[in-house]
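Here's the structure, in structure tokens; my notes come after.
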Amino acid sequence: MAKGHTHHIGGMLTLDALAAHSGLRGVSPGLKMAFSVASLLLCVGAADAVVGVAVACSMVCIIRWLGGVPFGRILRLLRIPMLFLVVSCLVILLEVSHAPIGLWQMRLGSIWLCVTAQSLHRAVTLFFQALGAVCCLYFLSTSTPMPQIIEVLRKCHLPELIIELMYLIYRYLFVLLEVQRQMTIAAMTRLGYVNWRRSLSTAGKISGGLLASSFRRSSVCYDAMEARGYSGKLAFLSHSPELCLRHALAAAGYCALLGLLIMVRKGVFAL
């Protein structure tokens, strides 16, 4: 897979490639999914910035040292979620008041935008809480290929319709992203992004063309599936590694340490 091609389509193919070559690919996918979900629930349920930082840092270390993903690649994957988190937390950080209060104030006409100690605490807690949850999901997506995830969901008796829709939507995103990449390259060769005004016009035209192309591509993809024997049910050939006691004990130990940290932060007992 070409490196440049991977970057053009927003890193989704990167996740597939990383999962296929992960150092954790020999770990049971069911254990990895249970570990990811348990860590995510503990992180979100704790509602504590320190716990969020601990989960985010530990997951990044696991992805880096056990999964073998370069640190620079991890940072690139986190850029877009971090952008959304920053924008979302800014909304929580700022409060509207009729008088200057709190740690920071800015006047806008007859009202004030203020940052109080409470809003700062809420924003910081939410940011690291969400960041920890995102890192948990990145652990799963960079270590477990999609067919193995689907096999685990099937063993959990998730309805077949939901599994097939999930897989088809996931795969069709690659088709749309490839079409968008080709349109963007064609527009760049025609100086479609030479200035801000033309960039907006080009983006609108590409969006309209992508919508029309998506209907054509969906028909072509369905014809290709029928030509390969599709009869309304997707069949996956995948080999899932067996559950290892050593891996299960390591996952349980991590969750126990995380639970201990949460209890210490909540004041249940002191170390």
Side-chain angles (χ1 to χ4, degrees), residues 1-20 72-92 94 126-127 130-131 133-135 137-138 140-142 144-147 149-150 153 158-236:
M1 186 180 299
K3 184 177 179 181
H5 175 76
T6 298
H7 291 318
H8 273 305
I9 58 177
M12 290 190 66
L13 287 182
T14 301
L15 290 176
D16 265 12
L18 292 176
R73 181 67 60 82
I74 299 174
L75 292 180
R76 286 196 294 272
L77 290 174
L78 286 172
R79 282 185 303 182
I80 294 180
M82 290 275 286
L83 177 61
F84 280 99
L85 289 179
V86 169
V87 174
S88 301
C89 290
L90 280 177
V91 177
I92 298 176
L94 298 175
L126 177 62
F127 177 83
L131 182 61
V134 168
C135 290
L137 294 179
Y138 267 136
L140 180 63
S141 59
T142 57
T144 313
M146 192 66 178
I149 294 178
I150 289 177
L153 295 177
L158 194 71
E160 288 289 338
L161 178 61
I162 296 178
I163 294 177
E164 293 183 9
L165 285 176
M166 180 182 68
Y167 186 80
L168 291 174
I169 292 171
Y170 178 76
R171 284 304 176 190
Y172 193 63
L173 286 175
F174 293 106
V175 177
L176 293 182
L177 289 169
E178 174 62 21
V179 174
Q180 187 270 339
R181 184 185 74 88
Q182 294 174 357
M183 289 182 175
T184 301
I185 293 175
M188 291 175 64
T189 60
R190 294 170 173 80
L191 301 179
Y193 294 94
V194 67
N195 54 46
W196 176 250
R197 183 176 180 180
R198 184 170 293 184
S199 297
L200 291 177
S201 176
T202 301
K205 292 177 181 178
I206 288 178
S207 300
L210 186 62
L211 178 62
S213 178
S214 64
F215 289 105
R216 294 194 300 268
R217 290 299 183 105
S218 63
S219 178
V220 172
C221 288
Y222 185 76
D223 292 340
M225 290 171 59
E226 283 193 321
R228 289 167 174 80
Y230 177 70
S231 59
K233 182 178 181 180
L234 293 176
F236 301 94

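When a residue number appears, it is its place in the shown sequence, counting from 1. In what follows, every heavy atom counts, from backbone to side chain, and hydrogens, waters and symmetry copies are set aside.
In this structure, M166 places its CE atom where more than 12 heavy-atom neighbours from other residues, nucleotides or ligands lie under 6.0 Å away. More than 12 heavy atoms of other shown residues, nucleotides or ligands fall within 6.0 angstrom of atom CE in M225.
Atoms CD1 and CG, on I80 and L85 in that order, are 12.0 Å from each other to the nearest 0.5 Å. Atom CE of M183 sits about 12.5 Å away from atom OG1 of T202, to the nearest 0.5 Å. Taking CD1 of I169 as the reference point, atom CG of L176 lies at 11.0 Å (rounded to 0.5 Å). To the nearest 0.5 Å, atom OH of residue Y193 and atom OG of residue S201 are 10.0 Å apart. Taking CD of Q180 as the start and CD of Q182 as the end, the distance is 10.0 Å to the nearest 0.5 Å. Interatomic distance, CD1 of I162 versus CD1 of I150, reported as 12.5 Å (0.5 Å rounding).
Residues L153 and I163 come closest through the heavy atom pair C-CD1, 4.0 Å.
Remark: the backbone N or O of L77 is paired with a side-chain donor or acceptor of Y138 at under 3.5 angstrom. Proximity of a side-chain donor or acceptor of S213 to a complementary backbone N or O of G209 within less than 3.5 Å is not detected. In this structure, the side chain of R79 does not engage the main chain of L75 through any donor-acceptor pair within 3.5 Å.
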### Task
Test side chain to side chain contact (heavy atoms under 4.5 Å, CB included) on D223 and S219 and set out the steps.
CA-CA 6 Å; D223 292 340; S219 178; 4.0 Å; yes
### Task
List the steps, then state whether side chain to side chain contact (heavy atoms under 4.5 Å, CB included) holds for I149 with S141.
CA-CA 9 Å; I149 294 178; S141 59; over 6 Å; no
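Residues L131 and P81 fail the side-chain proximity criterion, which asks for heavy atoms closer than 4.5 Å.
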